[in-house]
Amino acid sequence: MGLLSTLKSLFICHLIIGYVFLVSGLLINLLQVCTLPVGLVSKQLARRINIRLGYCIASQVVAVLEWWSGTECTLYTDPKSYPLYGKENAIVLLNHNFEIDFLCGWTFCERFGVLGSSKVLAKQELAYVPVIGWMWYFLEIVFCKRKWEEDRRLVAQSLQNLRDYPENYWFLLFCEGTRFTPEKHQASMQVAESKGLPKLKYHLLPRTKGFWMTVQNLRGTVSAVYDSTLNFRDNETPTMLGVLNGKKYHADLYVRRIPLELIPEEEKECAAWLHKLYQEKDELQGAYEKTGLFPGPKTSPPRQLRTLMNWLFWSCVVLYPLGLMLTHVISSGSALTIIAAVVVSSAASVAVRWMIGQTEIGKGSKYGNREVPPNTNGSS
C-alpha cells in the first residue's frame, strides 16, 4: 500500500488523469455538437444521447473519487424515502462548505442512476469553460448572471424547458450562492442582523429568489426537495488535490425528502420556509460537530462498476495514440518533434494545475464577500 500511495501522489499520474479527462472531454464535446442535427428531427432523442455523452464526462470525475481515492459515502436517510431516490425528479439542496462538495453531489447522483441527467443552477461564465461547461450547455443546464432583473426571464424559461425532459433528473442547488468562507459568513451575518433574521453558525444566508423561482417553474414536474447536508469524518477538510493524491475520505450525507406540495407557493412564504430550513440545517450541523454522526438510519449505497469501466475505456481511447506518438518521438530523435512533445506536455501540465486550482476555496467566487440583500439568486 505504501508503494501504491506513493505512485498516486506522483504528478505524472495526475498529468495522465488530467490528459485523459481533457482530451476525452473535448472528443465528447465534439460528439455533442453532432447531436444538433438530430435535435432538428427529434428533440427527445438528442436529449437522450446527450445524457449518455454527459455521463461519459462526469462519471470520470466520480471514478477518480470512488476508485482512485477510494472515498466512501455513508447515507443517512429515511428508509421509506430511499426507494424513491432515482425514480423521481427532485431538487437537491446542498450545503457549500467543501472544495469537493460538488463532486460528492455527483456521486450521490451516480449511486441512484441520474448522473447523466442531473442539472444545476450555475453562473453564466461556466458555460464557456471547455469540457464541463460545454457539456452543461448540451445538457440544458440553467445558467444565470446573478443579476435578478436579467435572470428573472432567462432562468424561468430554462426551467420551463425541463418540464418535458425525457428522463428522471435531480436539480442540484447551492442556495447559499457561493462557498462558505469566514469572510463571506461575516458579511452574510451582517445582512441577517440588518434584516432581523436569526444568525447561522455553519451556513451563509440562503438566496431565496433562485430557490423560489426553481420550485415554482418545476411544480408538477418535480416531486420533492431533498434537503442534503454533507460532512466528513474526523473533521477532515478534503481537497481535489488530496483526491488526486489518492487520499481516502469518508463522507457522511444526511438527506431528508420533503414533498414539493409542502413548500409554500407565495414568494414571501417560500422565503420564510427556506430560512427556517437553514436554521434547522444549522442545528443539524452543530449536532454533527459534537457527535460526528447524523440522526437516523444509515446505509452505504454501493459504488457502480460502470464508472470505472467508462474511465478505463476513455483512458484506452486517448492514451493509445499518445503512446504511439511518444514511441515515435523517442525513436526519431528529431529535435523539432521532441520540442513539440515538451510544449504539449507543458500545456497539459498547466491545464491540470489550473483545473485543480479552480476547486480551491481560496480561489473561489468573490460573490458574497460584500454585503448584499439576502433575496438574490441562489446559484452554484
Side-chain angles (χ1 to χ4, degrees), residues 47-48 50-59 61-62 65-66 73 75-78 80-96 100-122 126 132 135-144 155 158-176 206 210-230 251 253-263 274 277 281 299 301-304 306-307 378-380:
R47 281 173 154 178
R48 292 181 185 277
N50 274 295
I51 288 172
R52 274 75 191 169
L53 292 174
Y55 177 86
C56 289
I57 294 176
S59 69
V61 190
V62 172
L65 182 72
E66 292 186 329
C73 180
L75 177 65
Y76 293 75
T77 193
D78 182 354
K80 295 180 181 178
S81 299
Y82 189 91
L84 298 174
Y85 297 156
K87 305 297 192 301
E88 62 182 0
N89 294 336
I91 299 170
V92 181
L93 301 186
L94 294 161
N95 56 324
H96 211 0
I100 65 168
D101 45 21
F102 77 96
L103 183 50
C104 291
W106 278 7
T107 300
F108 183 32
C109 292
E110 166 57 25
R111 299 286 173 101
F112 293 96
V114 292
L115 177 59
S117 56
S118 63
K119 312 296 175 193
V120 296
L121 179 59
L126 293 177
I132 294 292
M135 171 192 76
W136 277 353
Y137 172 81
F138 286 99
L139 287 177
E140 300 171 68
I141 293 300
V142 180
F143 294 104
C144 68
V155 172
S158 297
L159 290 168
Q160 286 291 322
N161 290 340
L162 298 178
R163 297 186 66 87
D164 64 342
Y165 208 70
E167 298 188 16
N168 291 328
Y169 63 85
W170 289 354
F171 195 101
L172 277 58
L173 192 60
F174 293 103
C175 286
E176 293 164 89
F211 174 75
W212 173 73
M213 175 175 284
T214 301
V215 169
Q216 288 305 100
N217 282 280
L218 295 181
R219 282 190 186 275
T221 303
V222 164
S223 302
V225 165
Y226 297 165
D227 172 32
S228 307
T229 302
L230 175 70
L253 182 65
Y254 175 85
V255 179
R256 175 174 52 154
R257 182 183 183 275
I258 305 171
L260 205 68
E261 57 266 23
L262 297 182
I263 302 175
L274 186 62
L277 179 72
K281 287 171 74 71
T299 184
R303 59 183 179 179
Q304 302 297 321
R306 60 183 174 236
T307 58
S379 61
S380 140

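Because the structure is predicted, anything quoted here is derived from the model rather than measured. Nothing fancy with the numbering, it's 1 onward along the sequence. Scope of the values below: all heavy atoms of this structure, side chains included, with no hydrogens, waters or symmetry mates.
- Asn95 and Phe174 make their closest contact through O-CE2, 3.5 Å (heavy atoms, listed as atom of the first residue, atom of the second, distance).
- The shortest heavy-atom contact between Ser118 and Cys109 is CB-SG, 3.8 Å.
- Judged as a side chain to side chain contact (heavy atoms under 4.5 Å, CB included), and not counting sequence neighbours, the contacts of Glu167 are Arg48, Ile51, Arg52.
- In this view, Arg219 and Val215, Gln216, Leu260, Ile263, Glu265 satisfy the side chain to side chain contact (heavy atoms under 4.5 Å, CB included) rule, not counting sequence neighbours.
- A distance of 10.0 Å separates CG of Asn161 from CG of Asn217, quoted to the nearest 0.5 Å.
- Separation of atoms CG (Leu139) and OH (Tyr169) is listed at 13.0 Å; rounding is to 0.5 Å.
- The minimum heavy-atom distance between Lys87 and Pro83, with the atom names listed, is CG-O, 3.4 Å.
- Here the CG atom belonging to Leu115 is positioned 10.5 Å from the SG atom belonging to Cys56, to the nearest 0.5 angstrom.
- Rounding to the nearest 0.5 Å gives a distance of 10.0 Å between CD of Glu176 and CG of Leu94.
- The two residues Gly54 and Met135 have their closest heavy-atom pair at O-SD, 3.3 Å.
- Exactly one of Val222, Val120, Leu159, Asn89 qualifies for a side chain to side chain contact (heavy atoms under 4.5 Å, CB included) with Phe171. That residue is Leu159.
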Could you walk me through whether Phe138 and Leu53 pass the side-chain contact (heavy atoms from CB on, under 4.5 Å) test, one step at a time? CA-CA 10 Å; Phe138 286 99; Leu53 292 174; over 6 Å; no
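- Heavy-atom neighbours of Tyr137 OH from other residues, nucleotides or ligands within 6.0 Å: at or below the threshold of 12.
- Of all heavy-atom pairs between Val155 and Cys144, the closest is CG2-CB, 3.8 Å.
- Using a distance-only test at 3.5 Å, with no hydrogens or angles considered, a donor-acceptor pair links the side chain of Ser117 to the main chain of Asn168.
- For the pair Arg306 and Glu110, the minimum side-chain heavy-atom distance is below 4.5 Å.
- The distance from the CD1 atom of Ile91 to the CG atom of Asp227 is 12.5 Å, given to the nearest 0.5 Å.
- Counting heavy atoms from C-beta on, the side chains of Cys175 and Leu274 come closer than 4.5 Å.
- Using a distance-only test at 3.5 Å, with no hydrogens or angles considered, no donor-acceptor pair links the side chain of Thr77 to the main chain of Tyr82.
- A salt bridge links Glu88 to Arg257: one of the charged nitrogens lies within less than 4.0 Å of a carboxylate oxygen.
- Atoms CZ and OG1, from Arg256 and Thr229 in turn, are 8.5 Å apart once rounded to the nearest 0.5 Å.
- In this pair, Trp136 and Phe143 present their aromatic rings tilted. The plane angle is within the 30 to 60° band.
- Ring planes of Tyr85 and Trp170: perpendicular class, angle over 60° (limits at 30 and 60°).
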Check the pair Val142 / Lys119 against side-chain contact (heavy atoms from CB on, under 4.5 Å), numbers first and verdict last. CA-CA 7 Å; Val142 180; Lys119 312 296 175 193; 5.9 Å; no
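- Residues Thr107 and Leu253 form no side-chain contact, since every pair of their non-hydrogen atoms from C-beta on lies 4.5 Å or further apart.
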Working note: Val61 + Leu103, criterion side-chain contact (heavy atoms from CB on, under 4.5 Å); need CA distance, chi angles, decisive distance, verdict. CA-CA 7 Å; Val61 190; Leu103 183 50; 3.4 Å; yes
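- The salt bridge (Lys or Arg N to Asp or Glu O under 4.0 Å) check on Arg47 picks up Glu140, Asp164, with sequence neighbours excluded.
- The two atoms that bring Tyr226 and Leu84 nearest to each other are OH-O, 3.9 Å, heavy atoms only.
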Show your working on side-chain contact (heavy atoms from CB on, under 4.5 Å) between Thr221 and Leu162 and close with a plain yes or no. CA-CA 8 Å; Thr221 303; Leu162 298 178; over 6 Å; no
